[in-house]
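Note that these values count all heavy atoms, side chains included, but never hydrogens, waters or copies made by symmetry. Numbers for residues simply follow the sequence, beginning at 1. These numbers were taken from a predicted model, which means no experiment stands behind them.
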Amino acid sequence: MPIPPGFTTVFPYFFVRDAAAFVEFLVAGLDGIEVGRNVRPDGRIANARVRLGTVTVMVSEATEQFPPMPASYYLYVEDAERAQARAIAAGAAEIMPVENMPYGDRQGGIRDPHGNLWWVSQRLAAGSY
């Protein structure tokens with residue numbers, strides 16, 4: 001099964017209002033790397049690809065046919081406190097402070113400026129849950 005480089009068989013696809021600002025948040029707030037962008041004739045993002053760690057996500061400007069769809073995402077990072085602080089500095093709101101969890105993660109929560117929830121997690125324990 002052919003899959004483009006940097007993609008997985010399933011990956012998140014965000015439809016948001018002001019997709020350009022959302023891409024900026026992914027880069028500045030979540031340490032993403034923009035790896036590609038296609039724009040519509042009106043200059044809005046048709047689709048942009050941003051790498052977050054080991055996964056690529058796609059972002060498009062919401063339309064009447066494809067309205068904004070906020071969701072929840074679990075993001076593993078090297079340092080949960082630093083990552084959460086970076087996201088907040090880029091415009092996210094804290095919904096849960098960073099704490100040690102009983103399942104072996106150190107985790108906090110944020111809501112990004114586009115309404116998505118992110119569980120910012122640092123793995124502390126070896127092995128699976």
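- Nearest heavy atom pair, residue Gly115 against residue Pro70, reads O-CB, 3.5 Å.
- For Glu81, the salt bridge (charged side-chain N to carboxylate O under 4.0 Å, His left out) criterion is met by Arg106, not counting sequence neighbours.
- The side-chain heavy atoms of Val16 and Val59, taken from C-beta on, include a pair separated by under 4.5 Å.
- Across all their heavy atoms, Ala90 and Ala28 have their closest contact at CB-C, 4.1 Å.
- For the ring-ring contact (aromatic ring centres under 6.0 Å, His included) with His114, the lone residue among Phe22, Phe15, Tyr73 that qualifies is Phe22.
- Nearest heavy atoms, Gln107 versus Trp119: NE2-CB, 3.5 Å.
- Of all the heavy atoms in Pro12 and Val55, the pair that sits closest is CD-CG2, 4.5 Å.
- Val35 and Phe11 are assigned to two separate hydrophobic clusters, defined by single-linkage of ILVMFWY side chains at heavy-atom distances under 4.5 Å.
- The structure places CD1 of Ile110 at 9.0 Å from CG of Leu117, a figure rounded to the nearest 0.5 Å.
- The CD1 atom of Ile45 sits 12.0 Å away from the CE atom of Met58 when rounded to the nearest 0.5 Å.
- Side-chain contact between Asp105 and Tyr103: present, with at least one pair of heavy atoms (C-beta onward) separated by less than 4.5 Å.
- Both Val50 and Leu75 are assigned to one and the same hydrophobic cluster, defined by single-linkage of ILVMFWY side chains at heavy-atom distances under 4.5 Å.
- Scanning for side chain to side chain donor-acceptor pair (under 3.5 Å) contacts around Asn116 gives Asp112, with sequence neighbours left out.
- Applying the side-chain hydrogen bond (donor to acceptor under 3.5 Å, both in side chains) rule to pairs touching residues 38-48 yields Asn47-Arg49, sequence neighbours excluded.
- Of all non-hydrogen atoms in Leu26 and Leu52, the two that sit nearest each other are O-CD2, 4.0 Å.
- What you find for Ala87 and Phe25 is that their closest heavy atoms are O-CE1, 3.6 Å.
- Under the 4.5 Å side-chain contact rule for hydrophobic residues, Val98 and Met101 do not share a cluster.
- Considering only residues two or more places apart in sequence or on other chains, Arg37 meets the salt bridge (charged side-chain N to carboxylate O under 4.0 Å, His left out) condition with Glu34.
- Among residues two or more places apart in sequence or in another chain, the side chain to side chain contact (heavy atoms under 4.5 Å, CB included) test is passed with Asp31 by Arg86.
- Atoms CZ and CD1, from Arg111 and Ile95 in turn, are 5.5 Å apart once rounded to the nearest 0.5 Å.
- Annotation: side-chain hydrogen bond (donor to acceptor under 3.5 Å, both in side chains) contacts involving residues 55-70, sequence neighbours excluded, comprise Tyr13-Ser60.
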